[in-house]
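To start, the structure itself, in structure tokens.
Lettering follows sequence order; numbering is per chain, from 1. Computed from a predicted structure; not experimentally measured.
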Number of protein chains: 2
Amino acid sequence: MTGVTDMTDVTRVIRVLLADDQHLVREALAALLGLEPDLEVVGQVSRGDEVAPAVTALRPDVVLLDIEMPGRDGLTVAGDLTGVRVIILTTFGRPGYLRRAMDAGVAGYVVKDARAGELADAVRRVHAGGRVFDRRLAAASVSTGANPLTGRERDVLRAATEGGTVADIARRLHLSDGTVRNYLSSAIGKLGARNRAEAARAAEAKGWL
Amino acid sequence: MTGVTDMTDVTRVIRVLLADDQHLVREALAALLGLEPDLEVVGQVSRGDEVAPAVTALRPDVVLLDIEMPGRDGLTVAGDLTGVRVIILTTFGRPGYLRRAMDAGVAGYVVKDARAGELADAVRRVHAGGRVFDRRLAAASVSTGANPLTGRERDVLRAATEGGTVADIARRLHLSDGTVRNYLSSAIGKLGARNRAEAARAAEAKGWL
DNA sequence: GGTGTGAGGTGACATTCGTCAGGGGACGGC
DNA sequence: GCCGTCCCCTGACGAATGTCACCTCACACC
């Protein structure tokens, strides 16, 4: 309304930083948030390792973080950010992701399947000091429970998804063949699967990978 | 070709229909396209099987179609649409998808990694009668070549990705165990893989699945 | 009519997998 | 100090997998 530059006005606006590897989606989200008068997208980055520098440079109030990004994983990035509120914004409604996000101290978790208004709302609530987590996902997280896999079991299972034989995995992880088979067998048992492929699918679906 | 009323240049505005299963992305894309004065998003659907009815009801000039949608596959939907220009808009830059899209007669293929201006441009060019295909993807498509898998090999490989043993797959497809093993072996050979998991990954990455 | 290709099948074989029963060592908690 | 857990390894065994040779049948194409 006032055409005059008013610096106090700036403090009213919530400064948002967007991190998503898909240009089009990022720009589109910026356009969407730009429709809200009290929100301002002050920056956009496409890689995980660009988030921290951008935060220092732009001093946003809230960061919207995708999980799957080149350079650095969104959940890892979130764990290291300080002095800014973080909302995870991702395609994947995997219970394990939510848990990891909460452990990383994020203030919100919104899936890309949410309705348009929810995102702006989440930004406002989080900026006001609240926490916003997808309800269905929170419920699923409780029923799913904690990740039953040990660190090594996860490593081996993750390596198994890349394909290759037991010998390949063993070489990649500097283990003996038998050890790899044991970890795989153990993981298969814990996940109620019938072979490594099924186990990998199950673990991935729950965000335990 | 319908010889009915040709609506000369009634509309200067290009009518766009959006089909994407993720609410937030869809709304965001609508906001982005809404910024262009010559484009108008006249409708949005979230499922593949809602596209055809929406086209009849809303008569858009251009349809933006995601590939992975519940209800019906975007590529399949594209093949059945008539009287409207189709642009595939998807996350996946898989050569095989591009090929299938071209076979389905679509007018454009844009990946979600594209820059914001490219989408609006693509809509305009396509509406004007042109064709717009992602350059890098087109190149990859040429080098990748055609899908070497036979129909049955694809079926078996697809079933294999769901997990389960050979016997399970055989039961699901009403085949004998030996036949399933033969198809898998053949597919593994053609794809240069070393087991079914590697083969499935390779096929999926190229969009041959 | 011959030829090629894809679908579907059988039987045999070597290899790989998944399982089980052990054997260590390191570390943290009560 | 003992117990539990995770790490790492070995060896053995049966079941599942991947490969190969070879078979019929249908269909399209020249």
For [X] and [N], what is the distance between atoms [atom1] and [atom2] respectively, to the nearest whole Å?
| X | N | atom1 | atom2 | value |
| --- | --- | --- | --- | --- |
| B/Arg196 | C/dT16 | CZ | P | 15 Å |
| B/Asn195 | D/dT17 | CG | P | 11 Å |
| B/Leu173 | C/dA7 | CG | C1' | 13 Å |

Which pair of heavy atoms, one from [X] and one from [Y], lies closest together, and at what distance?
| X | Y | result |
| --- | --- | --- |
| A/Arg26 | A/Ser46 | NH1-CB, 3.1 Å |
| A/Val110 | A/Ala122 | CG2-CB, 4.0 Å |
| B/Val77 | B/Gly48 | CG2-O, 3.5 Å |
| B/Val84 | B/Leu81 | CG1-CB, 4.1 Å |

- Is any side-chain heavy atom of B/Thr179 less than 4.5 Å from a side-chain heavy atom of B/Leu173? no
- Message: As a test of understanding, state which of B/Leu89, B/Thr91, B/Leu137, B/Ile88 forms a side-chain contact (heavy atoms from CB on, under 4.5 Å) with B/Val111.
- Response: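 Only one option passes, and that is B/Leu137.
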- Query: Measuring from A/Glu40:CD to A/Arg15:CZ, what's the distance to the nearest 0.5 Å?
  - Reply: 6.0 Å
- So how far is it from A/Arg100 CZ to A/Ile67 CD1, rounded to the nearest 0.5 Å? 7.5 Å
- List in numerical order all residues of residues 148-167 of chain A for which some heavy atom is under 4.0 Å away from an atom belonging to DNA chain D.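 Output list: A/Thr150, A/Gly151, A/Arg152.
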- Query: In residues 175-192 of chain B, what residues come within less than 4.0 Å of DNA chain C, judged by heavy atoms?
  - Reply: B/Leu175, B/Ser176, B/Gly178, B/Thr179, B/Arg181, B/Asn182, B/Tyr183
- Item | Any B/Arg194 side-chain nitrogen or oxygen under 4.0 Å from OP1 or OP2 of D/dG18 | no
